Amino acid sequence: MIACRALGLNYSVLMATSGLIGVTITSARTLGIEYYIAYYQTNEHSDDSSISSESFSFDKKDILRREEIKIPNQQQINWSKQITGNCATIQSILTLFQKEGHVFDARTLATTAHRIAKLYVLTERKKLGDKRIYSLADTCRQRIAEMHTHSITNTVWAFATLGIEVPRLFATVAGVALNRMESFSHAALSTLVWAFAVAKYKAPRLFTAIADEAIAHIDQFNPLELTNIAWAMAVTNQNTPKLFHAIALVSSSKVSAFNLDSISSLTWALGSSKTVAPHFFASVEQVLFAN
């Protein structure tokens, strides 16, 4: 057994006589990984999940008004500046959304969700009880088809980070993403699958499509993207051995490019999926001892 401590991370690399290299991470405070694993294990959603009774949205008059009113692009830009400004707070953003959200365009809606989640991360992460967040989720859901792939991933990342249960939104995103898979960048795909894993939303067809896309272009993914995909697939118990082997193979040649957080997460993912990857773990060993 080889034990290493680096930057507050404890690694325990167990080499079994059977040739399978397994890994147990005794302490992995990386990218909030412990929080997300615990969060995933406590509850799950699927394509057949019932819809929360706390789904709030604008009424029909607001929707019709949105169709009738043509908001100048400059106004959308001004709202985005308000939302992303240094003085913005979660409450101020939700108040702006409550007043003008029915005429936000798709990009401004995604910016709204993303900014709220970023501000949330900077706070004590107390669960948001404001019903307007559900209204935002439902309004985003109605506009998902209009969003650029970057906005789609920002939206699901936001609600996964917030820990808000919005299965209808994730169901809609899954359907749209499946039809536009080739238009997602590698970064967007890794964020997308990570968000679905954190939200505990089961979308097997989407996960399979992302796995196939990743395998086809595995050499083009950077270390963080590889790590996010591997972790998401492992924590949701996806049966994708080809993907795990491909990730291990491509990662073994560039382990030095991974930071210790990514090494920790990827090591856990490969060990959890029982992936036989001697070259990867040997490379990890070299990097850890070098540090």
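Residue numbers start at 1 and run along the sequence shown. Just so it is clear, the model here is predicted, and its values are computed rather than measured.
- The environment of Lys242 atom NZ is sparse: at most 12 non-hydrogen atoms of other residues, nucleotides or ligands sit within 6.0 angstrom.
- Here the NE2 atom belonging to His148 is positioned 11.0 Å from the CG atom belonging to Asn154, to the nearest 0.5 angstrom.
- With rounding to the nearest 0.5 angstrom, the CD1 atom of Ile77 is 4.5 Å from the CD atom of Gln74.
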Item checked: Chi angles and distances behind the side-chain contact (heavy atoms from CB on, under 4.5 Å) call for Thr111, Trp79 -> CA-CA 10 Å; Thr111 299; Trp79 284 329; over 6 Å; no
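- Counting only heavy atoms from C-beta outward, the side chains of Val250 and Phe221 never approach each other to under 4.5 Å.
- Within 6.0 Å of atom NE2 in His245, more than 12 heavy atoms from other residues, nucleotides or ligands are found, so the atom counts as buried in its surroundings.
- With Leu266 as the partner, the side chain to side chain contact (heavy atoms under 4.5 Å, CB included) test is satisfied by one option alone out of Thr227, Leu224, Asp261, Val284: Thr227.
- Environment of CG in Asp212: crowded, with over 12 heavy atoms of neighbouring residues, nucleotides or ligands closer than 6.0 Å.
- Looking only at side-chain heavy atoms (C-beta outward), Thr240 and Phe207 stay at 4.5 Å or farther from each other.
- Taking the six-membered ring for Trp and thresholds of 30 and 60 degrees, Phe196 and Tyr201 have ring planes more than 60 degrees apart, a perpendicular arrangement.
- Between Asp138 and Tyr134 there is no side-chain heavy-atom pair separated by less than 4.5 Å.
- The shortest distance between side-chain heavy atoms of Val173 and Leu192 falls below 4.5 Å.
- Across all their heavy atoms, Trp157 and Ala117 have their closest contact at CZ3-CB, 3.5 Å.
- Side-chain atoms of Gln91 and Arg132 form a donor-acceptor pair, as typed in the model, at a separation below 3.5 Å.
- Taking NE2 of His114 as the reference point, atom OG1 of Thr153 lies at 8.0 Å (rounded to 0.5 Å).
- In this structure, the separation between CD1 on Ile247 and CE on Met233 is 7.5 Å, given to the nearest 0.5 Å.
- Between Asp105 and Arg107, none of the side-chain N atoms (NZ, or NE/NH1/NH2) sits under 4.0 Å from a carboxylate O, so this pair counts as no salt bridge.
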Check: Run the side-chain hydrogen bond (donor to acceptor under 3.5 Å, both in side chains) check on Asn222 and Glu225 step by step: do they pass?
Finding: CA-CA 5 Å; Asn222 67 33; Glu225 293 160 0; 3.1 Å; yes
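- Between Gln82 and Asn78, the side chains place no donor N or O within less than 3.5 Å of an acceptor N or O (distance only, hydrogens not considered).
- Atom CD1 of residue Ile83 and atom CG of residue Leu96 lie 5.5 Å apart, to the nearest 0.5 angstrom.
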